[in-house]
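One structure below.
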There are 4 protein chains.
Amino acid sequence: MEDVAGVAADQLRSIVERVERLEEEKQAIAEDIKEVYAEAKANGFDTKTLRKVISLRKVEANERQEQEAILDLYMQALGMVPPSA
Amino acid sequence: MEDVAGVAADQLRSIVERVERLEEEKQAIAEDIKEVYAEAKANGFDTKTLRKVISLRKVEANERQEQEAILDLYMQALGMVPPSA
Amino acid sequence: MEDVAGVAADQLRSIVERVERLEEEKQAIAEDIKEVYAEAKANGFDTKTLRKVISLRKVEANERQEQEAILDLYMQALGMVPPSA
Amino acid sequence: MEDVAGVAADQLRSIVERVERLEEEKQAIAEDIKEVYAEAKANGFDTKTLRKVISLRKVEANERQEQEAILDLYMQALGMVPPSA
DNA sequence: CACTGGAAAATGCCGC
DNA sequence: GCGGCATTTTCCAGTG
């Protein structure tokens with residue numbers, strides 16, 4: 001018989017490590033972002049406004065994406081192929 | 001001069017792009033994490049418990065940090081320097 | 001009927017008042033806490049360290065809770081029921 | 001000699017206990033507020049909008065207060081007494 | 001698909 | 001007055 005519990009334990013350890021590793025990376029990037037804002041502030045930019053601008057751009061990007069998705073849908077319905085991806 | 005309405009447009013663009021790039025990376029990592037959980041689930045692990053385990057480990061690490069921080073404070077109060085960093 | 005623009009005005013007023021009342025109480029307590037710290041400072045205590053001590057105690061309590069929560073999860077996973085509450 | 005360290009320890013304990021007690025009360029009130037929102041939600045109100053309304057009222061209250069403060073200032077400058085408080 | 005719980009963002013506060 | 005930190009609020013993903 002295989003060492004079932006041992007295998008599960010190994011898997012578990014692997015999962016936990018992978019997640020923790022990824023979360024560390026994510027955290028590191030979050031800190032990079034904070035640094036960018038700090039630098040921007042040091043250069044006289046208002047971070048609150050900056051955040052709002054970036055947030056707005058994200059919303060617009062989402063909307064654009066949705067519109068493209070709808071467009072693709074229509075094109076598929078018409079038997080047309082989408083431009084690229 | 002490249003200023004538009006009194007702000008350095010180039011700088012602004014650079015900041016926005018850097019933040020957006022970093023946020024994309026962050027998002028990509030978040031998706032990687034989701035994949036790990038999905039795979040774990042497919043292998044029979046209970047994701048809720050997994051998340052709790054990882055959360056607990058984080059809390060424990062956090063407590064260790066807090067203890068160190070307070071130790072440093074005590075040492076400062078006693079006029080001792082904390083050991084290097 | 002007391003509805004204005006489709007909403008129950010009386011109910012709305014009641015909700016808003018209750019929340020605002022509670023927020024006032026909360027704020028009052030926050031000020032009490034500040035007073036305690038101010039008094040402590042006046043008696044020669046270092047507030048930063050005090051805050052850290054209290055914070056650490058909170059983290060410890062929190063970890064205990066997390067451990068109990070995960071224990072419950074394990075017991076559930078093993079088909080055992082947690083001991084009442 | 002008085003038991004200096006002992007006295008300080010007593011004071012410290014007292015401070016910590018008072019703060020923790022107050023924070024518990026604050027937390028209890030926070031939970032009451034959540035309950036009010038939950039109840040409101042159960043009655044069909046949109047909590048996000050409710051929060052916004054209450055937030056707006058708070059801002060307006062602040063503004064009113066500031067205006068009154070200015071008014072008091074002017075009245076003092078003119079040798080007039082403020083109405084009550 | 002609504003709800004709960006946890007992560008992220010925003011705000012306010014304290015100390016320097 | 002500002003920078004960092006803690007709290008609070010908001011948002012979003014996961015769950016049932």
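Order of the sequence lines sets the chain letters (A, B, ...), proteins ahead of strands, with each chain counted from 1. Computed from heavy atoms alone, side chains included, the values below leave out hydrogens, waters and symmetry copies.
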Interatomic distance where [atom1] belongs to [X] and [atom2] belongs to [N] [whole Å]:
{"X": "Ile33(D)", "N": "dT10(F)", "atom1": "CD1", "atom2": "P", "answer": "12 Å"}
{"X": "Glu31(A)", "N": "dA8(E)", "atom1": "CD", "atom2": "P", "answer": "12 Å"}
{"X": "Leu22(B)", "N": "dA8(E)", "atom1": "CG", "atom2": "P", "answer": "14 Å"}
{"X": "Tyr37(A)", "N": "dG4(F)", "atom1": "OH", "atom2": "P", "answer": "17 Å"}
{"X": "Glu35(D)", "N": "dC3(E)", "atom1": "CD", "atom2": "P", "answer": "16 Å"}
{"X": "Asp72(B)", "N": "dC5(F)", "atom1": "CG", "atom2": "P", "answer": "13 Å"}

Notebook entry, point to check: Do you know the tightest heavy-atom contact between Leu12(D) and Phe45(C)?
Noted result: N-CZ, 3.8 Å
Margin query: Testing the basics here: between Gln11(B) and Asn43(A), what is the closest heavy-atom pair and its distance to 0.1 Å?
Written below: NE2-ND2, 2.9 Å
Next item on the list: By nearest nucleotide on DNA chain F, pick out whichever of Ala38(A) and Lys26(D) is the more 5' one.
Entry: Ala38(A)
Item checked: Closest-nucleotide ordering on DNA chain F, the 5'-leading residue of Glu23(D) and Gln27(B) -> Glu23(D)
Next item on the list: For the pair Val36(C) and Glu39(C), evaluate side chain to side chain contact (heavy atoms under 4.5 Å, CB included) and give the outcome as yes or no after the intermediate values.
Entry: CA-CA 5 Å; Val36(C) 175; Glu39(C) 185 191 325; 5.5 Å; no
Item checked: Check: Arg51(C) and Ile54(C) side chains under 4.5 Å, non-hydrogen atoms -> no
Check: Going by number, which of residues 46-68 of chain C have a non-hydrogen atom under 4.0 Å from DNA chain E?
Finding: Thr47(C), Arg51(C)
Check: Does a side-chain N or O from Lys34(C) land closer than 4.0 Å to OP1 or OP2 of dC14(E), or not?
Finding: yes
Side chains of residues 19-30 of chain C: which donor-acceptor pairs under 3.5 Å do they make with residues two or more places apart or in other chains?
| unit_1 | atom_1 | unit_2 | atom_2 | d |
| --- | --- | --- | --- | --- |
| Glu20(C) | OE1 | Arg57(D) | NH2 | 3.0 |
| Glu20(C) | OE2 | Arg57(D) | NE | 2.6 |
| Arg21(C) | NH1 | Glu25(C) | OE2 | 2.8 |
| Gln27(C) | NE2 | Glu31(C) | OE2 | 3.3 |

Notebook entry, point to check: Are Val53(C) and Leu56(C) connected in the hydrophobic side-chain network, where two residues link if heavy atoms are under 4.5 Å apart?
Noted result: yes
